Amino acid sequence: MYAQMVKSDVGQDDPARLAAFQARIDAGEKIEPKDWMPEGYRKTLIRQIGQHAHSEIVGQLPEGNWITRAPSLERKAILLAKVQDEAGHGRYLYCAAETLGVSRDALTEMLIDGRMKYSSIFNYPTLTWADMGAVGWLVDGAAIMNQVPLQRTSFGPYARAMIRVCKEESFHQRQGFDIMMKMAKGTAAQKKMAQDALNRFWFPSLMMFGPSDKDSVHSAQSMAWKIKMNTNDELRQKFVDQTVPQAAYLGLTVPDDTIAWNAAKGGYDFAEPDWSEFFDVLKGNGPCNSERIAARRKAWEDGAWVRAGMLAHAEKKKARKMAAE
Ligand code: 3HC
C-alpha cells in the first residue's frame with residue numbers, strides 16, 4: 001500500500017547492493033535518508049514510524065478528555081504539559097517519516113481511511129481520573145520499554161527522534177505513577193478507583209508490545225534490519241517484571257491470578273492477553289475506535305483552510321523571491 005508513496009530505487013534487487021547494505025546494518029552503522037536502502041526497508045520504516053506517529057497524536061485524545069476535569073490546577077498543568085509533549089513526539093516522528101519520501105498529508109489520509117494503524121491501547125476509554133494515573137504508569141511505561149531500544153535503531157532520524165522522546169516519556173510515566181500513589185494511599189474510594197483503572201488497563205497495556213512472537217509477521221525482518229531491536233515477547237516480559245513489584249508497592253492487585261515468580265527463568269510467569277480481543281480492536285471494533293478516527297478526521301478537515309492558507313503564502317513568497325532574482 002505504500003508503493004505509490006515511496007520513490008522506487010534503481011538496483012533494488014541487486015544482490016551486491018543488498019549485501020553491502022546488510023553489512024552496514026550488521027556493523028551498527030546509521031542509515032541516513034540520502035543513503036541507498038532496499039525498498040522493503042523504506043516501506044517498513046514508513047509503516048512503523050508512521051503508525052508510531054499516529055499513536056502519539058491519537059494518544060492525546062484519551063488524556064485530553066481529562067484536562068478540563070483535573071482535580072487541581074497543578075494536576076491540570078502537568079497533564080497539559082504531557083499532552084503537549086505527545087504532540088511534539090508525533091511531530092518528530094512525522095518529520096522522520098517525511099525523510100523517506102512520504103508526506104504527512106498522505107500518512108494522515110491513510111490513518112483516517114483505515115489503511116494505517118495506531119496503538120490499540122488508545123481505543124479504550126478513560127472513565128475516571130485514576131485512568132490518567134494508569135495511562136501514565138502503564139501505557140507510557142510500556143512505551144518507554146519499547147522506545148528505549150529504538151534509540152539504537154538503524155535509521156538515523158528515527159533513532160535521534162527516540163532519544164528526545166525517551167527523555168520526556170520518563171516524566172510521563174513518573175507523573176502517572178505519582179497519581180496512582182496518591183490514590184492508592186488515599187481514601188478507600190480513591191484506592192478502589194485506582195484498582196479499577198489497573199484492572200481495565202493491564203491487559204490492553206500488554207497488547208502494546210504487539211502479538212506474541214509466533215504471530216508477529218514483521219519481527220524477523222525488522223530485527224534483521226535493526227528497525228526493531230527486541231521481539232514483542234521479550235519487551236512484554238521486561239514490562240511485566242518491572243511493573244508487578246510497582247503494583248505491589250501501591251498495594252494494588254494485578255488482575256491476573258496466574259502471576260508467579262519463576263526463579264528458573266528469572267522473571268514472572270503471567271497470563272497472555274486475550275488475542276481475539278486484540279485483533280478485534282485492530283479490526284475497528286474496540287470501544288472507542290470510531291470516536292478516535294472521527295476526532296482525527298474532524299481535526300484534519302477543520303484544519304484544511306489553515307494548510308491551504310499557509311501553502312498559498314509559501315507559494316507567494318517563493319514567487320516574490322524568484323521575481324527578485
Ligand atoms: N496496536 C495496533 N497495531 C498493532 C499493535 C498495537 N499495539 N501491535 C502490533 N500491531 C500491528 C502491527 O502494526 C502489524 O500490522 P501492520 O502490518 O498493518 O502494520 C501487525 O499488528 C503485526 O504485528 P507485528 O508484531 O508483526 O508488527 P511490528 O513488528 O510492527 O511490531 C510494534 C509492532 C511492537 C508496535 C512495532 O511496530 C513498534 O515497536 N513500533 C514503534 C513503537 C510504537 O509504535 N509504539 C506505539 C505506542 S506509542 C505511545 O504509546 C505513545 C506514548 O507517548 C504513550
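Note that ligands are numbered from 1 as they come in the structure, with each ligand's atoms numbered from 1 the same way. These figures come from a predicted structure and were not determined experimentally. Positions are given from 1, in the same order as the sequence printed here.
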Q) Below 4.0 angstrom, N of the basic side chain to O of the carboxylate: do Lys82 and Asp85 qualify? A) no
Q) For ligand 1, is any non-hydrogen atom under 4.0 Å from His52's backbone (N, CA, C, O), its side chain (CB onward), both, or neither? A) both
Q. Does a donor on one side chain sit under 3.5 Å from an acceptor on the other, for Asp241 and Gln237?
A. yes
(Q) Judged on heavy-atom distance to atom 50 (O) of ligand 1, which of Lys117, Met208, Lys82 sits nearest? (A) Met208
Q.
Using a 4.0 Å cut-off to any heavy atom of Gln48, which atoms of ligand 1 qualify?
A. 37 (O), 38 (C), 39 (O), 40 (N), 41 (C)
Q) Within the structure, does Tyr158 bring an N/O atom to less than 3.5 angstrom of an N/O atom in ligand 1? A) no
Q) For ligand 1, which part of Tyr118 has a heavy atom less than 4.0 Å away: the side chain, the backbone, both, or neither? A) backbone
Q: Looking only at distances, please establish whether an N/O atom of ligand 1 is found under 3.5 Å from an N/O atom of Gln51.
A: yes
Q | Under 4.0 Å to a heavy atom of Val217 - the qualifying atoms of ligand 1, by number | A | 22 (C), 26 (O)
Q. With a cut-off of 4.0 Å, which atoms of ligand 1 are near a heavy atom of Phe278?
A. 4 (C), 5 (C), 6 (C), 7 (N), 8 (N), 9 (C)
Q) Just wondering, more than 12 heavy atoms not from Arg91 lying within 6.0 Å of its CZ? A) no
Q: Verify the distance criterion only: is there a donor paired with an acceptor across the side chains of Tyr124 and Arg200 at less than 3.5 Å?
A: no
**Q.** Identity of the nearest option to atom 31 (O) of ligand 1, non-hydrogen atoms only, from Lys228, His218, Glu86, Gln173
**A.** Lys228
Q: Give the single entry among Val83, Val165, Val135, Leu282 that approaches atom 21 (O) of ligand 1 most closely by any heavy atom.
A: Leu282
Q | Asn146 vs Met208 side-chain heavy atoms within contact, under 4.5 Å | A | no
Q.
Could you check whether atom NZ of Lys185 has more than 12 heavy atoms from other residues, nucleotides or ligands sitting under 6.0 Å from it?
A. yes
**Q.** Residues which pass side-chain hydrogen bond (donor to acceptor under 3.5 Å, both in side chains) with Asp256, listed by chain and number, not counting sequence neighbours
**A.** Thr258
Q) Charged N to carboxylate O under 4.0 angstrom, Glu234 versus Lys228? A) no
(Q) Pairs of nitrogen or oxygen atoms closer than 3.5 Å, one from Met207 and one from ligand 1: do any exist? (A) yes
Q. Considering only heavy atoms, does Phe279 approach ligand 1 within less than 4.0 Å through its side chain, its backbone, both, or neither?
A. neither
Q: Applying side-chain hydrogen bond (donor to acceptor under 3.5 Å, both in side chains), name anything that partners Gln22, two or more places apart in sequence or on another chain.
A: Asp26
Q: May I ask whether His172 has any heavy atom positioned less than 4.0 angstrom from an atom of ligand 1?
A: no
Q. Taking distance alone, with no angle check, do Gln147 and ligand 1 share an N/O pair under 3.5 Å?
A. no
Q: Below 4.0 angstrom from a heavy atom of Gly210, which ligand 1 atoms are there? Numbered from 1 as shown, please.
A: 8 (N), 9 (C)
Q. Against heavy atoms of Asp140, which atoms of ligand 1 measure under 4.0 Å?
A. 52 (C), 53 (O), 54 (C)
Q.
Measuring from non-hydrogen atoms of Pro211 to any atom of ligand 1, is the shortest distance under 4.0 Å?
A. yes
Q: Check ligand 1 against Phe209 and write out every atom of the ligand that is under 4.0 Å from a heavy-atom position of the residue.
A: 34 (C)
Q. Between Lys226 and Tyr41, is NZ or CZ placed under 6.0 angstrom from the six-membered ring centre and within 45° of the ring axis?
A. no
Q.
Looking only at side-chain N and O atoms, does His172 offer a donor or acceptor that is under 3.5 Å from a partner on Glu169?
A. yes
Q. Considering only heavy atoms, does Asn146 approach ligand 1 within less than 4.0 Å through its side chain, its backbone, both, or neither?
A. side chain
Q: May I ask you to decide if the ring planes of Trp275 and Phe278 are parallel, tilted or perpendicular, using 30° and 60° as cut-offs?
A: perpendicular
Q.
Using a 4.0 Å cut-off to any heavy atom of Ser120, which atoms of ligand 1 qualify?
A. 1 (N), 2 (C), 6 (C), 7 (N)
Q) Under 3.5 Å, N or O to N or O, is Asn232 touching ligand 1 that way? A) yes
Q | N or O contact, Asp215 vs ligand 1, cut-off under 3.5 Å | A | no
**Q.** Face-on cation placement of Arg69 at Trp66 ring, 6.0 Å and 45° thresholds
**A.** yes
Q: Identify, by atom number and element, the atoms of ligand 1 in contact range of Phe122, meaning under 4.0 Å from any of its heavy atoms.
A: 50 (O), 54 (C)
Q) Within the side chain of Asn289, is there an N or O that forms a donor-acceptor pair under 3.5 Å with the backbone of Val281? A) yes
